[in-house]
Amino acid sequence: MSDLLSLAAAIASGSVQVIDLTSPLHHDTPILGLPPEMGQTARFELEEISRYDDRGPAWYWNNFTTGEHTGTHFDAPNHWVTGKDLDDISQVPVTRMIGPAAVIDKTAEVAANPDYLLTMDDITAWEAANGTLPDGGWLLLRTGWSKFGDDPAAFANADEQGPHTPGLSPQAARYLAEETKLLGFGTETVGTDAGGAFGFDPPFPCHSLFLGNNKYGLTQLRNLDKLPATGAVVIALPLPIVNGSGSPCRVIALV
Ligand code: MN
C-alpha cells in the first residue's frame with residue numbers, strides 16, 4: 001500500500017489519532033484588547049441571513065464578522081512591521097502549514113507563575129532529552145492556559161499592570177527565530193507573545209523576531225496535553241485572505 005493510503009487506513013482504524021487543537025469560534029471567544037487609543041480587533045459575531053423561514057424556506061446560513069486574529073489563528077509574516085515585505089496570509093505556501101511538532105511542557109511552572117517565560121535553559125534541557133528542534137517543525141508551548149479559554153477575563157488575566165500570561169523570553173525568541181529552521185511557534189494564549197511583552201526588549205519579541213524571519217505564529221491552541229513531546233504532525237490551515245495578515249484556522253495534529 002502507498003504511504004498515503006496507509007495513512008488513510010491508519011486514521012480510519014484509529015491507530016493514527018487526529019487531535020483537534022482548535023478553539024471554538026463564538027461571541028465569547030477571547031480576543032486581544034489593546035490600549036483604548038489604538039485600533040481594536042472585532043470579536044466573532046454571527047448574523048443570521050435565514051433559517052428555514054420566509055427569508056429562505058429550505059436553508060440556514062449566516063454572515064460572520066471577526067478580526068483576522070480571533071481564536072485559534074495563524075499569524076502571517078506581514079502581520080508585523082519586521083515582516084511587512086514578506087508573505088501575506090494568502091501567500092504562505094501550503095507546504096509550510098504542515099510539520100512535525102515539538103511540544104515543551106511548562107504547565108507546572110505556569111501554574112506557579114502565570115508570567116512564566118520560556119528560557120534558553122528550558123530549550124537546552126528539552127533538546128538534551130528529545131533531540132534538536134525539528135527543521136520545518138512547529139514548536140508548541142504547552143502551559144495549560146487553554147483551560148481558561150471559555151472565560152475571557154481569566155484568559156486575559158489582566159490587572160492594572162496589564163495581562164499576565166506566559167510566553168517566550170526575548171533570548172529564547174531570538175534563538176528560535178534566528179538560529180533554528182522551525183516553521184513557527186504556537187501557544188495556548190491569546191497571542192504568541194507573553195502578556196507582559198510590550199515592556200520587553202524588543203517589545204513583542206516573538207512577533208517581531210519570528211514574523212521578521214519568515215516564521216509563523218499559532219494561538220489559542222487546545223489539547224496540547226494530548227500530544228507527545230515529539231512525533232506528532234501538525235497541520236494548520238488558514239483561509240487565503242488576499243492581503244490578509246492572518247486568519248482563524250483549523251489546527252489538527254496527527255498522533
Ligand atoms: Mn495574531
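Ligands are counted one by one from 1 in listed order, and the atoms in each one are counted from 1 as well.
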> Please, which pairs that meet ring pair (Phe, Tyr, Trp, His ring centres under 6.0 Å) have at least one residue in residues 72-117, sequence neighbours excluded?
Replying inline: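 As it turns out, the ring pair (Phe, Tyr, Trp, His ring centres under 6.0 Å) pairs with a partner in residues 72-117, which skip direct neighbours, are His69-His73, His69-His79, Phe74-Trp138, Phe74-Tyr216, His79-His207, Trp80-Phe204, Trp80-His207.
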> Looking only at atom types and distance, does a side-chain atom of Ser6 sit under 3.5 Å from a main-chain N or O of Ser2, one as donor and one as acceptor?
Replying inline: yes
> Is there a donor-acceptor pair closer than 3.5 Å between any side-chain N or O of Thr72 and the backbone N or O of Gln220?
Replying inline: yes
>> Do Asp105 and Thr107 pair up side chain to side chain, a donor and an acceptor below 3.5 Å, judged on atom types alone?
In response: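 Their side chains do contain a donor-acceptor pair, which is all the 3.5 Å distance test asks for.
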>> Counting only heavy atoms not in Tyr52 (residues, nucleotides, ligands), do more than 12 fall under 6.0 Å from its OH?
In response: yes
> Below 4.0 angstrom, N of the basic side chain to O of the carboxylate: do Asp122 and Lys106 qualify?
Replying inline: yes
> Around the Mn ion (ligand 1), how many protein N, O or S atoms are there at under 2.8 Å?
Replying inline: 3
